[in-house]
Amino acid sequence: MLLGAIWLPYIPNELGHASADYAFWLPNLLAGYFWYLHNGLFALPWFTPAECAGAPFQADPQIGYWSLPQILSFMTDPLSAVRISLFAYGAAGYWGAWLLARRSFQVSLPAALLAAGLFLLNGFFSARMAVGHLAFAPFMLLPAVCAVLLRAPGASAISRPALVLRAVLCGVLLATLIQSGMVILLPQFFLAVAAVVLLHAVLFGWARGIFSIAYGGLALGLALCAGKLAASAALLSHFPRQNYPLPGLPGIFGTAYVALRSLFWPFSTDLGGWIVHSRLIQDPHEFAYGVGLAPPLLLLAALVLTWRQGGWRALAPRRRGLAAALALALLMPLALNFYAPGWTALLKSLPILSSSSTLLRWFAVLMLPAILGAALALDRLAAAMDGRGMPAGCWLLAAAGLALTVGGVAGADRTAFGSAGLGMYDPTDITQAWQQAHDSGNPKPIKAVAQLFNGDHKVLMIPDRQNGMAHGLSTLSCYDPLFGYRLENLPFGKIRLGLALNEQDGVLNFKNPACYVFPGANSCAPGDQFTPALAEALQRFLNYESYDFKKPLLARLADWLSLLTLPSLPGLAGWCVWRMRRAKAEP
């Protein structure tokens, strides 16, 4: 309830507007719903006619037809689906963090409740939901993944069925991340998992079976998403996003200052001025990772206490290497954001990083380790207080930590997320179009390609341009980060404003999006338009129906791998549960 009380007023704000980035997500949720009305849940929408005069859909790594907001939009309008998703992802993060802290790290009940509350209120999740970055919301599954990997310290040897069941759960969670569009954040997610696993190993040693669970889960998750990943890789190979320089932070002090402010202060609206070497404005949400002031205060106090008692010497020599690896994992986000011409040029030449326009999002790696560290520190301090005749110290510290965090979030300046800041997109047309399609069962087909112009006949790039699909129009100058923030990579070709089925110069007035993803198999080039011979296919496409296109052998094999893996998982999980229950029943 607290999460909703703080953040629902911005989705939408008091004017009924949402943040500008919802201009990408809400129309795409509506397009997914239109497809669903014609084709059902299990027919994948490879492409959409709703924007850019035809664009990829399933192959776009940020779009997820099987994501929670999209599935909810089959039952309610896209804006309401987003609002419900806020609570659902928040609940997943809360209970995942509680389970991880309480069972895997064996902290006390008050410390586990503190960890769960801090993770629920982290600024990364809430700020991204407020500004419309729905693909980042599944990051809240991070504690759940770690809890599946890490068993309680001192637990008995894990049976094979239990190990396989954990691998299945891990694979399903990984597939959920990918199918929800969080591919862009997977490197940060994996590094955060590694940091938590290393923290657990430093404290308790390696958890039994962890590598088998991790490798099995990774294999199953990739197999479940093989079709989407193959199509995304094919699409991105034609649209590498390497035309943005990597920004950074000047000097070691500046990097550490911005990292600590972003991590422990609720919302820092004045940090954008620290960024150098950037052609893009770094908005306040790029610095929102805040887990509150409780973690640094608790960690500092516990470190001082441990130092005075000489407890740091108790760390076994064989675990000091693990501690060093943990330190490197936690320092990596700072190193990636440190700006030096030669260092930044090297980062820009590396795979994955070369397509980035900011590396600030790597600070998300630090959130969960800081929260778990706070929970462990709380128990360390509470033990000292209990020895001095204060048995309620653990509850007092947990309550104080939560109160400090809640007060910081509730009292922070959030005007940047309201009507005075990023709230400039009006979703009314999308909501009304969803309701009309829901009532009639017939979504409005796309009829023509359109643009918005100002009085000087210059193209308007306002967020509302995406709402053309609600009126049967596909906006040419669309909002799709795949083609660049200013559409630098969009091949406009011979597209003209007017009816999509109009023929001129031997082509129809609409893009064939199969050419964006699989140009070789379809004997075309990215950006090519439908030909008159494909007029019937275009008509189906404009009605949000499937049309025939070809895939290369690798993509077809990836699709079959996903299709064969999906139905096998329930049976595999059921076998594991049956074997585990049978083992318990045996004397």
Side-chain angles (χ1 to χ4, degrees), residues 1-3 5-6 90-91 93-126 140 142-143 146-147 150 152-153 195-196 199-200 202-204 260-267 289-312 314-315 323 326 330 366-412:
M1 294 300 293
L2 178 63
L3 184 70
I6 294 174
Y94 179 90
W95 290 110
W98 186 89
L99 186 66
L100 175 65
R102 183 72 172 143
R103 295 192 179 180
S104 300
F105 281 85
Q106 296 283 279
V107 302
S108 64
L109 178 59
L113 292 174
L114 174 66
L118 293 181
F119 194 75
L120 170 67
L121 296 173
N122 78 78
F124 182 68
F125 168 62
S126 51
M140 292 296 279
L142 172 62
C146 295
L150 298 171
V196 173
L199 175 61
H200 193 273
V202 169
L203 296 174
F204 311 112
L260 293 175
R261 274 279 304 273
S262 300
L263 184 61
F264 297 125
W265 201 251
F267 300 101
Y289 303 88
V291 296
L293 290 172
L297 294 177
L298 289 170
L299 284 168
L300 182 60
L303 285 173
V304 170
L305 178 64
T306 302
W307 180 269
R308 287 182 176 179
Q309 296 178 348
W312 59 275
L315 185 64
L326 172 61
L330 297 179
L366 305 175
M367 296 189 306
L368 187 55
I371 290 171
L372 291 171
L376 293 163
L378 186 148
D379 277 354
R380 181 78 175 87
L381 295 169
M385 295 172 67
D386 186 56
R388 296 174 182 173
M390 297 179 63
C394 198
W395 285 102
L396 289 173
L397 287 174
L402 281 174
L404 187 61
T405 298
V406 171
V409 173

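When reading the values below, keep in mind they use all heavy atoms of this one structure, side chains included, and skip hydrogens, waters and symmetry mates.
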> Can you name the side-chain contact (heavy atoms from CB on, under 4.5 Å) partners of Leu330, sequence neighbours left out?
Replying inline: Ala195, Leu326, Leu366, Pro369
>> Could you tell me if the side chain of Leu368 sits less than 4.5 Å from the side chain of Cys146, heavy atoms only?
In response: yes
> Can you list every side-chain hydrogen bond (donor to acceptor under 3.5 Å, both in side chains) pair that touches residues 398-410, not counting sequence neighbours?
Replying inline: none
> Nearest 0.5 Å, what's the CG-CG distance between Leu300 and Leu305?
Replying inline: 11.5 Å
>> So Trp395 and Leu109, do their side chains get closer than 4.5 Å, heavy atoms only?
In response: yes
>> Let me confirm one number: the OG-CE distance from Ser262 to Met367, rounded to the nearest 0.5 Å.
In response: 11.5 Å
>> Can you give me the closest heavy-atom contact between Leu114 and Ala398, atom names plus distance?
In response: CD1-O, 3.9 Å
> To the nearest 0.5 Å, how far apart are CG in Leu299 and CZ in Arg380?
Replying inline: 13.0 Å
>> Once rounded to the nearest 0.5 Å, what's the spacing between atom CG of Leu378 and atom CG of Leu397?
In response: 5.0 Å
>> Quick check: closest heavy atoms across Leu376 and Leu203, and the distance to 0.1 Å?
In response: CD1-CD1, 3.4 Å
>> Can you give me the closest heavy-atom contact between Gly117 and Tyr94, atom names plus distance?
In response: N-CE1, 3.9 Å
>> With rounding to the nearest 0.5 angstrom, report the CG to CE distance, Leu142 to Met140.
In response: 9.5 Å
>> Restricting to non-hydrogen atoms, name the atom on Pro296 and the atom on Gly292 that form the minimum distance, rounded to 0.1 Å.
In response: CD-O, 3.6 Å
> Who are the ring-ring contact (aromatic ring centres under 6.0 Å, His included) partners of Phe204, not counting sequence neighbours?
Replying inline: His200
> Of all residues at least two apart in sequence or in a different chain, which pass the side-chain contact (heavy atoms from CB on, under 4.5 Å) check with Ala115?
Replying inline: Ala101, Ile371, Ala375
> Which heavy-atom pair separates Phe125 from Gly90 by the least distance, and what is that distance?
Replying inline: CZ-N, 3.8 Å
>> Strictly by side-chain hydrogen bond (donor to acceptor under 3.5 Å, both in side chains), give each pair with a member in residues 98-115 just once, sequence neighbours left out.
In response: Ser108-Asp379
>> Nearest 0.5 angstrom please: Leu199 CG to Phe105 CZ, how far?
In response: 4.5 Å
> For Leu404 and Ala294, which heavy atoms make the closest approach, and how far apart are they?
Replying inline: CD2-N, 3.8 Å
